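In what follows, a single structure is set out as structure tokens and then discussed.
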Amino acid sequence: FFSHLFVGTERMCSRGPAPASEPATPGANTWPLAMAAAAVLCSTLVLVRALAPTATPSALFAAPHAATARPIVGGMPVPRVQPVRSHASEPFAAASRWPEVSAAAAAAAATAPEAAHPRPRAGADGVARAGLALLAGAMSVAALLHTARRFLPTRPQCLDPLDLGADYGATRVAMAATTASAPTPKEGVRRLTAADSHETDVVVIGSGLGGLCCAAMLAHNGLRVTVLESHEHLGGCAHDFKYGPYTFESGPSLYSGFTAPGGESFNPLQHVFQIIGEEPEWIQYDRWGTFLPEGNFCVKLGPDEFEDRVLMVNGGEDAVAQWRRLMARLVPLSEGAQGLPATVIREDLGALPILLAKYPKALLATIQTGQTLNSPFKDLLDEQNITNQFIRNWLDLLCFLLQGLPAKGCLNAVMSYMMADWYRPGVCLDYPKGGSGAIVDALTRGVTKHADKGCKVLTEGHVTEVLVSEAGVANGVRVKTRKGEEVVVKAAKAVVCNADLWTTRKLVPQGINAAFDEQIDNLGKETPQVNSFIHLHAAIDAEGLPTEASEDFPAQWAVVNTWAEDGEGVEAPRNVVLVSMPSLLDPSLAPAGKHVIHAYTPATEAYELWEGMDRDSEEYKAKKEEAAQFLWSAVEKSVPGARGRAVLEMVGTPLTHERFLRRDRGTYGPRIEAGGDVNLTGHKTPLPGFYMTGDSTFPGIGVPAVAAAGAITANTILSIPQVWNMADKIKLPAKVPDIGAVEKSVAMMAVLGQISDPRAPAPKAPEA
């Protein structure tokens, strides 16, 4: 009893509450205190028994009901311990944990003669009993105080728990937006301490995917690198976390381009894995479900099923013809977008000799298509006279899921890359075994395996300031430990910031560099922010549900409630929901008989709706319950009655994003539309020695984009020979794969006169 009591105190002090759906497990540090407390209790009972004038059998041992006996304390029956409810409205009955007692035994106990329980003897015997009891009690109290004194100071200083579980009543599953389990210790990763002031070559602020890609590539080339992460979990927006036996993802769950034969890929993240020699184990699957206003479908990626079962059904033959025309137009653009790997690009003229020597054809294709690649995808749709509304809506959705913007704001370069990857024959999706955290772990190993060279990854260290030398060069950072102690890490070569644009502004003191101030201040003022998220992380009872993903029961799906919501379309608040049930792909993410679920709105939740709320207020709890109901409705599109199966439920809000991920106003990132007046910033800043990376820099939001940003930043810091050597490790496909329908079909369409030239702009339809 005491071990379970104190483990609750320990968790509240260090990591948050234990999950309502799981019994607390005694921690190693709680046993000494628990044993001492139990000794005090036992000694107290001995003392009471020794000094009490009598001990009435009926008061201590009799059962109120012969058939269902329960212990009596203080004349009152101890209530039965009941499990957490797994259904919001389902009645249940829990069997008593106490053993059955027969009627005869109960009657015998009630009528036993008092001689069976004699009074304590008077005189020397009684005094001896009392003396021994007092001595035992005194020794136990001393042991308790000694153990507590040694136990309590060893606990880390408590941080204010993040959105601690809000109880929604006895008929509700407990809700929270925080983790209850400390992250699994990783080799070479530890918490920042007051003794960690040191000098290194490069400091990387933040362990998002962009920062980790940059750090791993620098470490691979022999530089001393220190990664500083404010959170206890690595990975930034892509980190995972555990709650009891469940593993949840906080961010993306759709990956591709990692399992092609021979490792050949156009994915920048795969190129980073090839360079650093670390990679997760991958699980392949090929279906993605959708619930649209027109209907529901779950088809294989690639051209065939999409054309036959989606385009023909929702748009007819004309939709198929328009789709093929667009795919053919994207071929030269994909050659330009994919042919030059971002992992060899630098932000100086040093990039030219590498590109000319290793990728001359791709460089020429990029030059020829450069202006088009930087234009909005919507312009390409207009150019190709894509008028079918279903196709326009579908492509708006894909653009939005990829970069947080519809087709009017998404770059052709990004979409041509994505379309070439998703709509080629034989394509599949890839899921990292162990969840998205396995990607973070692989990149982290790319740094920590060079610990003998001085590379470090330190968590729970919050950077408060970028240090600048008298010569005006960024040369380190000031950091605070979990306990508030100040640490200084000096950087001999560079400081790389993986924070968002607005947070970065707060780290660099004003007035240090006028050109930097002007650039970042103007960007901060001119660049609007993409909205935030609401998240549902849940665990459900999987009894009777499929154990593997299929067409009828996909592991991932998207829900679009309407295509036109006050003109906002896919960007309308709470219109689009993405849902993932990754335990269908990797059963290790949940215990047997359970599934984990992650549902979220992809950057459509306005921060203003939550701004200023007290996380402990009834208003906040009610708003979280409203969000939960909405997200559960998307889950139940594929899993009817899912909420009734819930054993654990957690809701994250824009305030969670702001506080947990240190995103300014909980934003997904900068809203920079292609063809607009504001452009993404580069990685080399006007402040010497200071670099920026991640989703606030080119090429923007998304996993491939931030991996590319990290690689470009590393390349710009490294020498040309070092970048040249890394390029030899990258494995590109021998040719750009076919996209859309097989090109023979497109060529046949041209021969038949259905389109004049597969790669030429189609004539626009006359205006009405």
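The structure presented is a predicted model; accordingly, all values stated were derived computationally and were not measured.
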Verdict with supporting geometry, V639 and F553, side-chain contact (heavy atoms from CB on, under 4.5 Å): CA-CA 8 Å; V639 190; F553 200 70; 3.9 Å; yes
With sequence neighbours excluded, residues passing salt bridge (charged side-chain N to carboxylate O under 4.0 Å, His left out) with E605: R574
Here the pair of heavy atoms bringing L398 nearest to M415 is CB-CE, 4.2 Å
Partners meeting ring pair (Phe, Tyr, Trp, His ring centres under 6.0 Å) with F390 (sequence neighbours left out): none
Would you say L578 and W557 make side-chain contact, with heavy atoms under 4.5 Å? no
Beyond-backbone contact of W422 with W288, side-chain heavy atoms, under 4.5 angstrom: yes
Assign the ring pair F306 / W323 to parallel, tilted or perpendicular, where the plane angle (0 to 90°) is split at 30° and 60°. tilted
Let's go through D240 and V440 carefully: what are the C-alpha distance in whole Å and the side-chain angles of both, what is the deciding distance for side-chain contact (heavy atoms from CB on, under 4.5 Å) to 0.1 Å, and is it a yes or a no? CA-CA 9 Å; D240 67 354; V440 176; over 6 Å; no
So, using salt bridge (charged side-chain N to carboxylate O under 4.0 Å, His left out) as the criterion, who are the partners of R392 when residues are at least two apart? D382
Looking at every heavy atom in both S550 and C298, which two are closest together, and how far apart are they? O-SG, 4.2 Å
Please confirm whether K433 makes a cation-pi placement over W282, using NZ or CZ under 6.0 Å from the six-membered ring centre and within 45° of the ring normal. no
What are the two closest non-hydrogen atoms of D286 and V427, and how far apart are they? CB-O, 4.4 Å
Considering all heavy atoms of both residues, which atom of A319 and which atom of I391 are nearest to each other, and what is their separation? O-CD1, 3.2 Å
Side-chain touch N267/F258, heavy atoms, less than 4.5 angstrom: yes
How would you list, by chain and number, every residue that makes a salt bridge (charged side-chain N to carboxylate O under 4.0 Å, His left out) with K358, sequence neighbours excluded? D728
Would you indicate whether F698, at its atom CZ, is surrounded by more than 12 heavy atoms from other residues, nucleotides or ligands within a distance under 6.0 Å? no
Ring centres of Y668 and F533 under 6.0 Å apart? yes
Applying ring pair (Phe, Tyr, Trp, His ring centres under 6.0 Å) to H595 and not counting sequence neighbours gives none
If we only count heavy atoms from C-beta on, is the S696 to T681 side-chain gap below 4.5 Å? no
Please determine whether side-chain contact (heavy atoms from CB on, under 4.5 Å) holds for the pair L311 and W394, giving the CA-CA distance in whole Å, both sets of side-chain angles, and the decisive distance to 0.1 Å. CA-CA 10 Å; L311 289 180; W394 178 251; over 6 Å; no
Could you walk me through whether R665 and D500 pass the salt bridge (charged side-chain N to carboxylate O under 4.0 Å, His left out) test, one step at a time? CA-CA 11 Å; R665 298 176 64 82; D500 64 58; over 6 Å; no
Between E347 and T716, does any side-chain donor sit less than 3.5 Å from a side-chain acceptor? no
Without hydrogens or angle criteria, can the side chains of Q322 and T387 be said to hold a donor-acceptor pair below 3.5 Å? yes
Can a donor-acceptor pair be found between the side chains of H683 and T693 at a distance below 3.5 Å? no
Quick one: salt bridge (charged side-chain N to carboxylate O under 4.0 Å, His left out) partners of E658, sequence neighbours excluded? none
Are P602 and F400 packed together at the side-chain level, in the sense that at least one heavy-atom pair is separated by less than 4.5 angstrom? yes
Would you please say whether a donor-acceptor pair under 3.5 Å links the side chains of H598 and E249? no
Exactly one of V331, L380, L330 clears side-chain contact (heavy atoms from CB on, under 4.5 Å) with S416, and that residue is L330
